[in-house]
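Shown below is the structure under consideration.
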Amino acid sequence: LFSSLSHELKTPLNANLVFLEQAMDSSLVPFYVKEKLLKPALVSAKLLFYIVSDLLDYSMVLANTLKLETKPKDLLKTVNECLGLFYRKAEEKDLKLNLVIKGEIPHQFFVDHRRLSQILIKLLNNAIQFTIVGENEVMLNRVFETKIVIAVKDTGIGISPQSCKKLKMSLDSGELREKLHENSVGIGMSLFISNKLAKMLNPSSTKGIEFTSQVNQGSTFSFVIRNNKSQETSPRKPSNTSLNEEELNLTNDILSYSTRSLKNRFDSSSQESPKNAPGRVLVVDDEVFNVIVIENFCRSLGIPVEKAL
């Protein structure tokens with residue numbers, strides 16, 4: 001039942017995300033309003049989006065219908081987007097938040113970046129939550145031509161050896177409800193989901209999330225992702241006259257993240273005035289929020305819009 005509500009849940013969430021992003025890009029909104037009000041609201045909305053995604057994923061795991069959507073994207077951009085959600089939280093606790101890169105990272109990495117973000121956000125949230133002093137670190141280490149190890153390290157309270165054994169046994173079953181940390185917080189459903197997703201991102205191995213931990217020293221959680229570049233059928237070349245299919249996909253899960261990148265691509269690739277853009281855009285969608293979002297975006301570029309609901 002819950003998995004059947006995916007569209008109903010994500011449509012208003014996507015609308016909130018895109019409207020907030022458009023407000024952040026608007027010259028009509030004062031800078032201090034963006035920094036003090038809109039930016040925290042946008043971060044909270046994105047985190048809520050991933051919480052809802054965890055709930056939907058759990059229902060799909062139970063129904064054995066969870067699938068990946070592999071697409072090429074800059075891996076460092078994905079990681080930095082995740083880190084950006086936690087800079088404010090780390091700053092409030094006076095913690096350092098670092099990114100360490102070992103080896104050459106491919107510019108275009110073929111993986112399900114949304115699922116990758118879900119895992120990384122969960123691990124980062126735990127790392128910062130259980131760290132009182134010190135730092136949190138995300139490390140990318142290219143160990144093979146097609147594989148990269150992503151590790152999240154903290155200097156937090158750590159997990160006892162006994163609890164580590166229970167956690168290792170429970171990651172696959174999702175049945176652990178005992179408290180693993182000093183402040184009585186359990187592992188939660190989302191870590192179980194993250195472990196399932198980690199296994200799917202590296203299908204050549206049966207391993208998902210691995211970890212090491214010492215009490216009062218900190219913990220390191222890591223997983224491996226594989227570059228599925230064999231799925232690329234032809235080189236992706238930038239064009240000054242047209243936009244690719246990925247950038248034009250402004251609906252459903254991609255809607256809230258593609259608008260800003262599409263506008264940047266248009267601005268940087270075209271030397272013509274937006275007012276000289278040929279033709280008009282017809283917007284057709286059964287969701288009024290989607291129509292408003294696309295209409296606002298097109299009008300910001302000076303492109304005439306016709307609507308059909």
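Positions are given from 1 along the sequence.
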Check your understanding: Got more than 12 heavy atoms from elsewhere within 6.0 Å of CD1, Ile132?
Key ->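 Count not over threshold, so no.
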Practice item. Please confirm whether the backbone N or O of Gly218 pairs with a side-chain atom of Asp154, one donor and one acceptor, at under 3.5 Å? Key: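 No: the side chain of Asp154 does not pair with the backbone of Gly218.
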Check your understanding: So which pairs with a foot in residues 127-152 pass salt bridge (charged side-chain N to carboxylate O under 4.0 Å, His left out), sequence neighbours left out?
Key ->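 Matches after skipping sequence neighbours: Glu145-Lys229.
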Review point. Does Lys34 use its side chain to pair, donor to acceptor, with the backbone of Met24 at less than 3.5 Å?
Key: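 Pair found, side chain donor or acceptor close to backbone of Met24.
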Check your understanding: How would you list all residue pairs meeting salt bridge (charged side-chain N to carboxylate O under 4.0 Å, His left out) that involve residues 206-224, not counting sequence neighbours?
Key ->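 Passing the test, one end in residues 206-224: Lys207-Glu210.
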Practice item. Taking atom types as modelled, find out whether Asn202 and Ser204 have a side-chain donor-acceptor pair closer than 3.5 angstrom. Key: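 On atom types as modelled, these side chains qualify, holding a pair under 3.5 Å.
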Exercise for review: Step by step, work out the side-chain contact (heavy atoms from CB on, under 4.5 Å) result for Lys102 and Met139.
Suggested key: CA-CA 8 Å; Lys102 295 184 178 181; Met139 184 182 70; 3.6 Å; yes
Point to revise | Backbone N/O of Phe110 and side chain of Asn227: donor-acceptor pair under 3.5 Å | key: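 Side chain of Asn227 to backbone of Phe110: a pair is present.
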Check your understanding: Do Val100 and Phe86 share a hydrophobic cluster (ILVMFWY, side-chain heavy atoms under 4.5 Å, transitive)?
Key ->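 No; Phe86 is not reachable from Val100 via cluster members.
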Point to revise | Polar side-chain atom of Thr78 near backbone of His113 as donor-acceptor pair, under 3.5 Å | key: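 Looks like no, no N/O pair under 3.5 Å.
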**Study point:** Residue pairs passing the ring-ring contact (aromatic ring centres under 6.0 Å, His included) test where at least one lies in residues 204-223, sequence neighbours excluded
**Key:**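 Pairs touching residues 204-223 that pass the test: Phe211-Phe221.
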Check your understanding: Within the distance-only criterion (no hydrogens, no angle test), does the side chain of Thr155 pair as donor or acceptor with the backbone N or O of Val133 below 3.5 angstrom?
Key ->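 Yes, Thr155 side chain to Val133 backbone: donor-acceptor pair under 3.5 Å.
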**Study point:** N/O donor-acceptor pair under 3.5 Å between Ser26 side chain and Gln22 backbone
**Key:**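 No, Ser26 side chain to Gln22 backbone: no donor-acceptor pair under 3.5 Å.
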Point to revise | Given Arg114, Lys73, Lys46, the one that forms salt bridge (Lys or Arg N to Asp or Glu O under 4.0 Å) with Glu81 | key: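 Only one of Arg114, Lys73, Lys46 forms a salt bridge (Lys or Arg N to Asp or Glu O under 4.0 Å) with Glu81, namely Lys73.
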